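Protein chains get the first letters and strands the later ones, always in sequence-line order, with residue 1 at the start of each. Model, not experiment: these values are computed from the prediction.
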Amino acid sequence: MNLIHTLQKHLQQAFQEVFQLELEASSIKLERTLQDFLGDYTLVVFPYVKQSRKSPEQTATLLGEYLLSHQLIAGFNVVKGFLNIELSENEILDFFTNATQDASFFKTTIGHGKNVVVEYSSPNTNKPLHLGHIRNNLLGYSVSEILKANGYHVTKANLINDRGIHICKSMLAWQQAGLNETPESTGMKGDHLVGKYYVAFDKTYKAEIETLVAGGMTKEEAEKQAPSMLAAQQMLRQWEAGDADTIALWKIMNGWVYAGFDVSYKRLGVDFDKFYYESDTYLLGKSTVKEGLDKKVFYQKEDGSVWIDLTDEGLDNKLLLRSDGTSVYITQDIGTAQLKYDDFNYDISLYVVGNEQDYHFKVLQGILKKLEKPYAAGIKHVSYGMVDLPSGKMKSREGTVVDADDLMEEMHDEARKIILERGKTDGMNEQQIEDLCEEVGMSALKYYLLRVDPLKRLLFNPAESIDFEGNTGPYIQYTNARINSVLEKAGASANTSNYTGLLGPERELILALHNYHIILGKAAEMHNPAEIANYVYDIAKRYNRFYYECPIAKEDVAPEARSFRVALSILTGKTITECLRLLGIKAPRKM
RNA sequence: GGUUGCGUAGCUUAAUUGAAUAAAGCAUCUGACUACGGAUCAGAAGACUCGGGGUUUGAAUCCCUGCGCGACCA
């Protein structure tokens, strides 16, 4: 049972009976009534006055009077064009009682029977993960969990970019150094070791360019002619030709990187159901080119290159196959879209990728539409903004990246300082304390990144950004820990019967919990974990207000009130825990 | 050059299918613990929602234009 839906139905009836107006129940928008007015939900009647042929006040009043015939409504008042509706306490209590017993309270069936593939993370194998990847991973993971909670069948996929010139650069620099360094010999994480050589390559390369330019070459020419670049390209050709030594080294170094990524992924708490490797998929899509030519969707230029004209979609002409027959990025993506469809028969395929690829995905979808692929419409780019630093963009070559592993370690240490100072750690052993530091530190980081609308660029100030007070992950965890503590002290079992006379904060909290369903559905529809993050903050805030105004475990509380508030605390705790779970955040019992 | 995203208190964000006095956190200032957990709560102060036009009974939100920051395509 949903109070808002019921209210919408009553209003639909009211419009029909009073004004002979046929409206869709779901089109009737209800908002929570503002604090300073009496009521629970508000209908803005301005949009309907043309058809009701009455003044806003009269329209609202007539609707309100009609509504009074329903048990759900206890009263109403009209302020200008706003109809403020007060629900009857019995109905609110009924909803709450049902919610405490409803096993499916935290689910919706919106996505029932639908397959979704969520592709996220998709790293290059030449350097370690940084802050931007963290945002990507958290978004992808959380969106997946939110979809699952809405009944979708979700497959998390990771397309690893394990081939190409970038990995050759690291391989080359490693060979040239001749130190035979390994993660074991250096004690470095594999991805960091390979990243070190990537940087080393770049340093050498830049020096070579300088020398060549000093010798009279143009910069552009020097970038092409630098010996290390030529060597890297040579290595890529060897790789593509299947040269045994090159492949062997490639396998070893990629193995190091995977081992390193695995550690970072585990610590981040993200996981995948399916890995795709570009080394397996980069030749896919070439057959599509033939298909497109046959269907006359693509066209060939005199030099043999293949193109598609997307100008009718507001896009450009796009190259699909170079004149030398090699494929470009988008050609591969056409192939992997098909591959994923073959593997999982998806209705929706999400790509969690930064907004610099907005154009790329429009093109991809445009091409698939023209090819009349059945899955074309299901492709969606979950775009998100870059993470900036106060000094500007993160640039790995300039050493201004925030390394993912370093950052997680830093968060852990910060949490530790605070926990040792004011945490409730009595009875915990050192391992338990360490685990707690990890849970709290990661919650601060994750909540900070997820509470912002993904579309927005995110400014990250390492010195001051991440806090443990106010609108933060630890605040929400703290509220949950407080609930656990109160429940222990109260020692009463939950019981919602025999309680009447709801106090303001109780009513507010119940109606906020009531909203969970709507938020969960909206978060899935918008692919936006920030909906959940902002919602759970609202819940925590309301609980804390309730906590200060409505005693639960204190001595002089009447038994019915205590049992009722215990029930309310339990449902709030479950809601907080579930929201945090959707965000990939743990909810410790004590902290 | 073309396309596109963003611009909200000092800072970080909310409200963007148009609605009442633009909502929070941080920072600043006041109050509240012999405790149901002060990582909390209550309160003060802080915003011509980048500028200029327009549509509307009503605009942070929609349209046009200028400025600023970014991305992509060529």
Side-chain angles (χ1 to χ4, degrees), chain A residues 27 29 31 33-37 39 42-47 49-50 55-56 78-84 310-311 313-319 354-363 383-386 388 390 392-393 415 417-419 421-424 440 443-444 447-448 451-461 464-492 505 522 525-526 530-531 533-535 537-538 540-541 543-557 562 565-566 569 590-591:
Chain A
S27 74
K29 279 177 221 151
E31 294 158 29
T33 302
L34 294 186
Q35 280 293 326
D36 299 343
F37 298 90
T42 295
L43 176 76
V44 182
V45 301
F46 289 113
V49 294
K50 243 184 197 165
S55 73
V78 174
V79 181
K80 290 186 277 179
F82 300 88
L83 171 61
N84 299 321
L310 291 167
T311 46
E313 304 261 340
L315 305 166
D316 299 300
N317 282 281
K318 181 77 191 173
L319 175 74
N355 63 9
E356 75 271 19
Q357 305 272 2
D358 284 355
Y359 183 80
H360 175 83
F361 281 100
K362 277 187 198 162
V363 170
S383 177
Y384 65 90
M386 298 289 101
D388 291 332
K393 269 195 80 167
K417 279 184 211 158
I418 294 173
I419 284 167
E421 187 187 315
R422 45 184 154 160
K424 303 263 195 250
V440 172
S443 118
Y447 185 83
Y448 179 81
R451 67 180 257 253
V452 181
D453 184 334
L455 281 178
K456 296 209 176 183
R457 282 166 57 196
L458 205 142
L459 184 76
F460 184 84
N461 186 335
E464 345 175 325
S465 278
I466 297 197
D467 233 321
F468 291 78
E469 287 167 20
N471 187 357
T472 65
Y475 168 82
I476 295 159
Q477 289 178 313
Y478 174 84
T479 306
N480 183 63
R482 163 180 268 175
I483 288 172
N484 287 326
S485 165
V486 173
L487 287 174
E488 262 176 46
K489 287 252 164 66
K522 197 173 165 200
E525 189 193 336
M526 321 254 301
E531 291 285 343
N534 287 312
Y535 171 78
Y537 174 64
D538 182 61
K541 221 172 142 50
Y543 184 84
N544 282 320
R545 187 167 300 155
F546 155 78
Y547 171 87
Y548 273 92
E549 291 187 37
C550 311
I552 302 159
K554 284 183 178 165
E555 277 178 19
D556 53 349
V557 181
R562 176 174 305 195
R565 287 170 190 164
V566 164
S569 297
K590 282 169 74 175
M591 62 187 278

J.: Between A/Lys417 (NZ) and B/A39 (C1'), how many Å, whole number?
T.: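 Checked: the NZ to C1' distance equals 16 Å.
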J.: Using atom CG of A/Leu458 as one end and atom C1' of B/A71 as the other, report the distance to the nearest whole Å.
T.: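 Taking CG of A/Leu458 and C1' of B/A71, I get 16 Å after rounding.
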J.: What's the separation between atom NZ in A/Lys590 and atom CD in A/Gln477, rounded to the nearest 0.5 Å?
T.: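 Rounded to the nearest 0.5 Å, the NZ-CD separation comes to 15.5 Å.
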J.: Could you tell me the separation between the CG atom of A/Leu310 and the C1' atom of B/A74, rounded to a whole number of Å?
T.: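 After rounding, the gap between these two atoms is 15 Å.
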J.: Roughly how many Å is it from CZ in A/Phe546 to C1' in B/C36, rounded to a whole number?
T.: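 To the nearest whole Å, that distance equals 11 Å.
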J.: Does OP1 or OP2 of B/A39 have a side-chain N or O of A/Arg482 closer than 4.0 Å?
T.: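 For B/A39, OP1/OP2 do not have a side-chain N/O of A/Arg482 under 4.0 Å.
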J.: Taking only the C1' atom of each, what is the distance from B/G7 to B/U16 in whole angstrom?
T.: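 The answer is 14 Å between these two C1' atoms.
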J.: Between B/G5 and B/C62, how far is it from one P atom to the other, in whole Å?
T.: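 Those two atoms are separated by 10 Å.
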J.: Is it true that A/Arg457 and A/Glu356 have a side-chain N and a carboxylate O under 4.0 angstrom from each other?
T.: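 Salt bridge: no.
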J.: Can you name the side chain to side chain contact (heavy atoms under 4.5 Å, CB included) partners of A/Val79, sequence neighbours left out?
T.: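 Only A/Phe37, A/Asn77, A/Asn84 meet the side chain to side chain contact (heavy atoms under 4.5 Å, CB included) criterion with A/Val79.
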J.: Send over the distance from A/Phe46 CZ to B/U55 P, rounded to a whole Å.
T.: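 For the pair A/Phe46 CZ and B/U55 P, the rounded distance is 20 Å.
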J.: Calculate the interatomic distance between A/Phe82 atom CZ and B/G58 atom C1'; express it in whole Å.
T.: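 My rounded result for the distance is 8 Å.
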J.: Does B/G38 have OP1 or OP2 sitting under 4.0 Å from an N or O in the side chain of A/Tyr548?
T.: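 Checking B/G38 against A/Tyr548, a side-chain N or O does come within under 4.0 Å of OP1 or OP2.
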J.: Look at all strands and tell whether A/Asn484 reaches a base, only sugar-phosphate, or nothing, counting heavy atoms closer than 4.0 Å.
T.: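 Nothing, no heavy atom under 4.0 Å.
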J.: If we take the C1' atom in both B/A71 and B/G54, what is their distance in whole Å?
T.: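 Approximately 29 Å lies between the C1' atom of B/A71 and that of B/G54.
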J.: When the C1' atoms of B/U21 and B/G68 are considered, how many whole Å apart are they?
T.: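 Rounded to whole Å, the distance is 31 Å.
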J.: Distance check: side-chain N/O of A/Lys456 vs OP1/OP2 of B/A14, anything under 4.0 Å?
T.: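 Result: yes.
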J.: Give A/Val452 one of three labels, base, sugar-phosphate or nothing, depending on what nucleic acid heavy atoms sit under 4.0 Å from its own.
T.: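 Since only primed, P, OP1 and OP2 atoms lie under 4.0 Å of A/Val452, the category is sugar-phosphate.
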J.: Starting from C1' on B/C11, measure out to CZ on A/Phe460 and report it in whole angstrom.
T.: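 Distance, rounded to whole Å: 15 Å.
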J.: Side-chain N or O of A/Arg451 versus OP1/OP2 of B/A14: is the shortest distance under 4.0 Å?
T.: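 So the side chain of A/Arg451 is outside the cut-off, no N or O lying under 4.0 Å from OP1 or OP2 of B/A14.
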J.: Does A/Tyr475 place a side-chain N or O at less than 4.0 Å from the phosphate oxygens OP1/OP2 of B/C41?
T.: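 The answer is yes; a side-chain N or O of A/Tyr475 sits under 4.0 Å from OP1 or OP2.
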J.: Under 4.0 Å, heavy atom to any atom of RNA chain B: which of residues 355-363 of chain A qualify?
T.: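 RNA chain B contact set from residues 355-363 of chain A: A/Asn355, A/Glu356, A/Tyr359.
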J.: When you compare B/A20 with B/U61, how far apart are their P atoms, in angstrom units rounded to a whole number?
T.: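 One P to the other, the span is 13 Å.
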J.: Quick check, are the ring centers of A/Tyr478 and A/Tyr475 under 6.0 angstrom apart?
T.: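 So the answer is no for these two rings.
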J.: Does B/C36 have its OP1 or OP2 closer than 4.0 Å to a side-chain nitrogen or oxygen of A/Lys489?
T.: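 For B/C36, OP1/OP2 do not have a side-chain N/O of A/Lys489 under 4.0 Å.
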J.: Describe the nucleic acid contact of A/Thr42 in one word from base, sugar-phosphate, nothing, applying a heavy-atom distance below 4.0 Å.
T.: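 If one applies the 4.0 Å heavy-atom cut-off, A/Thr42 turns out to touch a base.
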J.: State, yes or no, whether a side-chain contact exists between A/Asn355 and A/Leu455 at a heavy-atom distance under 4.5 Å.
T.: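 They are not in side-chain contact.
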J.: Expressed as a whole number of angstroms, how long is the span from A/Glu531:CD to B/A15:C1'?
T.: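 Rounded to the whole Å, the gap is 11 Å.
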J.: Please indicate yes or no: is the ring centre of A/Tyr537 less than 5.5 Å from the centre of the six-membered base ring of B/A24, with the two planes inclined by under 30 degrees?
T.: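 Per 5.5 Å and 30° rule: no stacking.
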J.: Once side chain to side chain contact (heavy atoms under 4.5 Å, CB included) is applied, do any residues pair with A/Ala533, and if so which ones, sequence neighbours excluded?
T.: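 Scan of A/Ala533 (side chain to side chain contact (heavy atoms under 4.5 Å, CB included), adjacent residues dropped) gives A/Tyr447, A/Arg451, A/Leu583.
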J.: With rounding to whole Å, what would you report as the distance between B/U12 and B/A27 at their C1' atoms?
T.: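 About 11 Å, rounded to a whole number of Å.
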